[in-house]
Amino acid sequence: MADFRLYNTMTRRVEPFAPADGKTVRMYTCGPTVYNPAHLGNFRTFLFEDLMRRVFALRGWTVRQVMNLTDVDDKIIKRAQEQGKSITEVTEPVVEIFHRDREFLRIQRAEEYPKATAFIPEMIALVETLVARGVAYQADDGSVYFAIGKFPAYGKLSRLDTREVKSGARVLQDDYSKENAQDFALWKSAKAEDEATGAAWDSPWGRGRPGWHLECSAMAMQLLGETLDVHCGGIDLVFPHHEDEIAQSEAATTKTFSRVWSHGAFLLTDGAKMAKRVGNVFTVAGLREAGISAAAVRHFVFNTHYRKELNLSDQALDASTEAVRRVGDFARRLRSPATLELGGTPGLAHGAEAAVLRVEEALFDDLNAPEALAALFDFIRMANAELDRKGGDREAVERARAAFDRIDRVLDIVPEEVRGDTELVRWVEERIAARREARMRRDFAASDRIRDELAGRGVVLEDAGGETRWRLS
RNA sequence: GGCGCCGUGGCCAAGUGGUAAGGCGGCAGACUGCAAAUCUGCUAUUCGUCGGUUCGAUUCCGACCGGCGCCUCCA
């Protein structure tokens, strides 16, 4: 089988990749902070991770993916306080929206979606270990900090040793007191608003709540073991989030926390990073209102390599809508009973299987989805041409179908209306048969009436060399 | 200021030290009762600019110009 390569942020190189046990990829993906519906920038990352898990599966590995839901943090507490709610009341509806959006975009369900608030004991245990090992300390205010000075490898992911803190930048401004400006909070002592919103728990250091980085370390190690195969997230998480995760986890276990670190590039809007704080945010809900299909979004995202910035634009989205329509038309043609009847050619079958190999080679080489799409479109053009020849080879059609399905199981870019039309089909095909009769009689008035009738239900007909295809407009 | 990424045809976007994938759009043709779809051909002698290395660079090095990101619990 083809080898598999993945870019590793730790080494800044594309390297051979395989799960440690050779069978199951243990994959941790940083999920959303659920105080507001995730925006498309967040979803670009989740889509990249969806692609990754599907490519792992294509390669033959089992995937065990964990995505955390951060349901306790400053912004959540602030919102809860403003609305006079508990943090749970704030986060629960947002979690629901997240899954709805996730499903709309056809992002496969991860094996686990742990919530930070469900792992408080594990987090406390981790902090206790760190304190016992002397790399964490409790400050005057009761908060517990990680002492980065005690962890020599600190900065290895983000290459901190080669960076400098901006001169004159505010470094030491924090609500808490700590020994070193860059020490980060593992456990934050409770404040009034934490208590008021249900964001405080008992601990050996008094009432408090977990720091952000802590949850990922605790949940990842609890659910996947002390060494992960791959840890993913947006590029902005490299520092400090992932750097801090490494520090806490490796200081506690002395083992490598993740064998590979993989980060997706940003989605931009108008040339700027899409972010709530910038105010240029687009959501899945907005997309749906605009009538953009999930298939089009997936095409749009996969048409650019995951490590390259991608600018959201109506033009690009429209181009993807058209591209995906072509894919859908082809899918319908392949699946049509008439196509099987007319048959294919040996060239169709061979070309289809060559396309699968090309797609796999591209995807196994650091998830090169743009190249995989190119292979798919070459396949579609070749197959349409071969099918036009009506070669009579039914097996060739079946092999082409299997090849297409194998490719689309990863990319999943067939428009919804092509996937799901079932109840319509019988009626449409009956009408098409009636129209065929009319056309045989050269009664084109009747023929056009039927076409109008179908158009009234959104069905567009296409007469192509003896067969009539249809699709939804 | 430190670290880093990017700049390929009208738009989106792969890619390689040896002479430019794919999608969208456009033009022409085939097919067709009409329409659409589909197919065929054409649409970058050129890969931000200027130098350098090389037999040869879009691909390596340097400078410059332009855009972006991280250094602030932001995917």
Side-chain angles (χ1 to χ4, degrees), chain A residues 12 29-33 38-49 70 73-75 158-171 173-174 182 184-185 188 211-215 232-241 244 263-268 271-278 299-300 303-305 307-311 313-327 329-330 333 358 362 368-378 380-389 439 442 444 447-448 451 460-465 468-471 473:
Chain A
R12 313 284 156 108
T29 48
C30 282
T33 298
H39 60 251
L40 290 179
N42 300 310
F43 275 107
R44 183 194 182 189
T45 298
F46 303 149
L47 242 12
F48 136 65
E49 292 157 353
T70 300
D73 102 309
D74 292 351
K75 288 187 289 268
S158 56
R159 309 262 159 121
L160 203 64
D161 51 324
T162 62
R163 326 159 57 115
E164 268 175 35
V165 176
K166 182 175 183 175
S167 55
R170 71 168 220 256
V171 239
Q173 243 172 350
D174 201 292
Q182 295 198 32
F184 57 91
K188 297 180 169 185
W212 176 40
H213 316 301
L214 187 65
E215 65 171 281
C232 307
I235 189 72
D236 51 343
L237 296 186
V238 171
F239 187 87
H241 188 233
D244 291 350
H263 297 93
F266 285 131
L267 179 67
L268 311 179
K273 171 184 177 179
M274 183 181 292
K276 289 162 189 167
R277 67 166 65 115
V278 180
H299 173 94
F300 168 69
N303 194 40
T304 298
H305 188 84
R307 284 192 283 114
K308 190 179 171 189
E309 285 175 350
L310 171 59
N311 206 342
S313 73
D314 289 340
Q315 269 188 324
L317 241 24
D318 289 347
S320 286
T321 298
E322 276 309 303
V324 125
R325 180 206 47 75
R326 186 166 148 81
V327 174
D329 284 355
F330 175 67
R333 182 179 190 185
R358 191 176 150 205
N368 192 339
E371 172 63 24
L373 282 168
L376 172 62
F377 281 97
D378 281 341
I380 290 173
R381 189 181 335 95
M382 175 282 297
N384 272 322
E386 291 299 316
L387 288 171
D388 283 348
R389 295 164 65 178
R439 296 177 74 212
R442 303 195 64 79
F444 296 118
S447 166
D448 287 345
R451 177 152 64 182
V460 178
L461 297 185
E462 297 159 2
D463 296 320
T468 298
R469 294 182 224 147
W470 62 278
R471 61 186 169 84
S473 59

Fill in: 5' precedence on RNA chain B between A/E462 and A/A316 (nearest-nucleotide basis)
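With A/E462 and A/A316 compared, the 5'-side residue is A/A316.
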Item to complete: Find which nucleotide of RNA chain B each of A/M382 and A/L461 is nearest to by heavy atoms, and output the residue with the more 5' nucleotide.
Response: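 Nearest-nucleotide comparison on RNA chain B picks A/L461.
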Complement of [N], any strand, by Watson-Crick or G-U distances under 3.5 angstrom:
N      : answer
B/rG62 : B/rC50
B/rC3  : B/rG69
B/rC39 : B/rG29

Determine the interatomic distance between [atom1] on [N] and the same-named atom on [M]; round to the nearest Å.
N      : M      : atom1 : value
B/rA57 : B/rU46 : C1'   : 12 Å
B/rG7  : B/rU43 : P     : 25 Å
B/rG2  : B/rG10 : C1'   : 39 Å

Touch check for [X], heavy atoms < 4.0 angstrom, all strands: base, sugar-phosphate only, or nothing?
X      : value
A/H305 : sugar-phosphate
A/L387 : nothing
A/L267 : base

Kindly say whether, by distance alone, the side chain of [X] makes a donor-acceptor pair under 3.5 Å with the base of [N]?
X      : N      : result
A/R159 : B/rC3  : no
A/D448 : B/rG33 : yes
A/D463 : B/rC34 : yes
A/R451 : B/rC34 : yes

Worksheet item: Nearest to the side chain of A/E371 - B/rA13, B/rA21, B/rC39?
Response: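 Looking only at side-chain atoms, A/E371 lies closest to B/rA21.
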Practice prompt. Please list, chain by chain and in numerical order, all residues satisfying salt bridge (charged side-chain N to carboxylate O under 4.0 Å, His left out) with A/E309, sequence neighbours excluded.
Written response: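 For A/E309 there are no salt bridge (charged side-chain N to carboxylate O under 4.0 Å, His left out) partners, ignoring immediate neighbours.
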Worksheet item: Under the salt bridge (charged side-chain N to carboxylate O under 4.0 Å, His left out) test, which residues partner A/E49, sequence neighbours left out?
Response: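 If we apply the salt bridge (charged side-chain N to carboxylate O under 4.0 Å, His left out) test to A/E49, skipping adjacent residues, there are no hits.
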Worksheet entry | Test side chain to side chain contact (heavy atoms under 4.5 Å, CB included) applied to A/E462 - qualifying residues, sequence neighbours left out |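 Counting only residues at least two positions away or on another chain, A/E462 forms a side chain to side chain contact (heavy atoms under 4.5 Å, CB included) with A/D329, A/R469, A/R471.
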Practice prompt. For A/T45, check side-chain hydrogen bond (donor to acceptor under 3.5 Å, both in side chains) against everything at least two apart and list the hits.
Written response: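 A/T45: no side-chain hydrogen bond (donor to acceptor under 3.5 Å, both in side chains) contacts found.
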Discussion item. Can you list everything that forms a side-chain hydrogen bond (donor to acceptor under 3.5 Å, both in side chains) with A/D244? Sequence neighbours excluded, please.
Written reply: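 Testing A/D244 for side-chain hydrogen bond (donor to acceptor under 3.5 Å, both in side chains), a comparison that skips the adjacent residues, returns A/Y154, A/H213.
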Worksheet item: Taking only residues two or more places apart in sequence or in another chain, which ones pass ring pair (Phe, Tyr, Trp, His ring centres under 6.0 Å) with A/H263?
Response: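 Checked A/H263 against ring pair (Phe, Tyr, Trp, His ring centres under 6.0 Å); matches are A/H242.
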Worksheet entry | ring pair (Phe, Tyr, Trp, His ring centres under 6.0 Å) against A/F330, all qualifying residues, sequence neighbours excluded |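 Testing A/F330 for ring pair (Phe, Tyr, Trp, His ring centres under 6.0 Å), a comparison that skips the adjacent residues, returns A/F379, A/F404.
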So which protein nitrogen or oxygen atoms get under 3.5 Å of nucleotides 66-69 of chain B's nitrogens or oxygens?
unit_1 : atom_1 : unit_2 : atom_2 : d
B/rC68 : O2'    : A/E309 : OE1    : 3.4
B/rC68 : O2'    : A/E309 : OE2    : 2.9
B/rG69 : OP1    : A/K273 : N      : 3.3

Is there any protein nitrogen or oxygen under 3.5 Å from a nitrogen or oxygen in nucleotides 22-24 of chain B, and what are the pairs?
unit_1 : atom_1 : unit_2 : atom_2 : d
B/rG22 : N2     : A/N303 : ND2    : 3.3

Worksheet item: How long is the gap from CZ on A/R439 to OG1 on A/T468, to the nearest 0.5 Å?
Response: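 Reported value, rounded in 0.5 Å steps: 5.5 Å.
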